Amino acid sequence: MSSTSHATLRYTTMRLGIFVGCLVLVAVLAYAGILPEGIGDSNPLWIFLLALVISAPLSFVLLRGQRDAMAQQLAGGVDKAKGKLAANRSMEDDAQDASGGGTGGGTADESPRTA
């Protein structure tokens with residue numbers, strides 16, 4: 001197994017872990033009174049959004065290697081899909097050439113029209 005296998009799952013799990021850690025930290029700080037708890041009934045939304053804002057740049061910096069591995073894995077998958085598509089196209093073209101069908105767009109029964 002290569003080092004990039006399951007890179008997307010690893011990146012997503014680590015990013016979710018950073019978010020949950022930030023969510024717990026913000027909730028504890030809000031409960032302790034260090035951070036404002038929000039206005040009125042907005043406490044859960046405030047805590048969620050603040051954790052999201054904190055975790056985004058942390059993930060960007062801390063997960064650079066995992067993000068690069070995920071990009072490499074996805075690029076490999078795209079290249080593989082492009083190769084399969086090109087192979088299918090060439091098989092289709094070969095089959096069409098072998099059956100005598102050209103690029104004329106018409107059938108063999110049609111005769112050319114004269115004015």
Side-chain angles (χ1 to χ4, degrees):
M1 231 179 244
S2 69
S3 63
T4 61
S5 65
H6 306 296
T8 304
L9 180 63
R10 187 178 320 120
Y11 174 76
T12 303
T13 303
M14 292 175 85
R15 182 138 188 209
L16 186 62
I18 289 174
F19 172 72
V20 169
C22 288
L23 184 64
V24 169
L25 178 68
V26 168
V28 167
L29 291 175
Y31 182 75
I34 297 171
L35 290 177
E37 292 186 21
I39 300 171
D41 295 334
S42 69
N43 184 20
L45 182 63
W46 163 254
I47 290 174
F48 179 82
L49 289 176
L50 189 57
L52 190 65
V53 166
I54 292 171
S55 70
L58 283 175
S59 296
F60 184 74
V61 172
L62 297 175
L63 301 180
R64 184 178 314 257
Q66 286 76 19
R67 191 172 47 256
D68 291 342
M70 181 180 68
Q72 184 179 8
Q73 179 188 13
L74 293 175
V78 167
D79 290 341
K80 195 163 115 177
K82 283 182 180 179
K84 285 182 181 180
L85 183 61
N88 286 342
R89 279 191 193 143
S90 68
M91 285 176 51
E92 225 174 72
D93 291 343
D94 292 344
Q96 189 175 15
D97 290 343
S99 68
T103 59
T107 60
D109 295 336
E110 290 180 5
S111 60
R113 294 185 184 171
T114 57

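Everything quoted here is computed from the prediction, not taken from an experiment. The first residue of the sequence shown is numbered 1, and numbering continues consecutively from there. Side-chain atoms are counted along with the backbone in the values below, which use heavy atoms only and exclude waters and symmetry mates.
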S.K.: Check ring-ring contact (aromatic ring centres under 6.0 Å, His included) between Phe48 and all other residues, then give those that pass, not counting sequence neighbours.
M.R.: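 Phe48: ring-ring contact (aromatic ring centres under 6.0 Å, His included) contacts with Phe19.
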
S.K.: Atom OG of Ser55 and atom CG of Leu25: how far apart are they, to the nearest 0.5 Å?
M.R.: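 Atom-to-atom, Ser55:OG and Leu25:CG are 11.5 Å apart.
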
S.K.: Spell out, yes or no, whether Leu74 and Leu85 are grouped together once hydrophobic residues are joined by side-chain heavy atoms under 4.5 Å, including indirect joins.
M.R.: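 No; Leu85 is not reachable from Leu74 via cluster members.
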
S.K.: When rounded to the nearest 0.5 angstrom, what is the spacing between OH in Tyr11 and CD in Gln73?
M.R.: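 Between atom OH of Tyr11 and atom CD of Gln73 there are 13.5 Å.
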
S.K.: For the hydrophobic clusters of this structure (ILVMFWY residues joined by side-chain heavy atoms under 4.5 Å, transitively), does one cluster hold both Val61 and Met14?
M.R.: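 Different clusters.
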
S.K.: Decide whether Val53 and Leu45 are clustered together by the hydrophobic rule: side chain heavy atoms of Ile, Leu, Val, Met, Phe, Trp, Tyr closer than 4.5 Å, transitively.
M.R.: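 Val53 and Leu45: separate clusters.
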
S.K.: I need the single residue from Val24, Val26, Leu52, Val28 that forms a side-chain contact (heavy atoms from CB on, under 4.5 Å) with Ile47. Which is it?
M.R.: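 Going through Val24, Val26, Leu52, Val28 one by one, the side-chain contact (heavy atoms from CB on, under 4.5 Å) with Ile47 is satisfied by Val26 alone.
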
S.K.: Treating Ile, Leu, Val, Met, Phe, Trp and Tyr as nodes and any side-chain heavy-atom pair under 4.5 angstrom as an edge, say whether Leu9 and Met70 lie in one connected cluster.
M.R.: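 Result: no, two separate clusters.
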
S.K.: So which heavy atom on Ala30 is nearest to which on Pro36, and how close?
M.R.: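 Where Ala30 meets Pro36 most closely, the heavy atoms are CB-O, 4.4 Å.
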
S.K.: Of the non-hydrogen atoms in Arg10 and Gln66, which two are nearest, and what is the gap between them?
M.R.: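 Closest pair (atom of Arg10, atom of Gln66, distance): CD-CG, 4.5 Å.
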
S.K.: First locate atom CG of Leu16, then atom OG of Ser59, and finally report the distance between them rounded to the nearest 0.5 Å.
M.R.: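 If I round to the nearest 0.5 Å, the distance is 9.5 Å.
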
S.K.: What I'd like to find out is whether the side chain of Leu58 reaches to under 4.5 Å of the side chain of Leu63, using heavy atoms alone.
M.R.: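 No; the side chains remain at least 4.5 Å from each other.
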
S.K.: Would you mind reporting whether Lys82 and Val78 have side-chain heavy atoms less than 4.5 Å apart?
M.R.: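 They are in side-chain contact.
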
S.K.: Which atom pair, heavy atoms only, marks the closest approach of Phe60 to Arg67?
M.R.: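 The pair with the smallest heavy-atom distance is O-NH2, 2.8 Å.
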
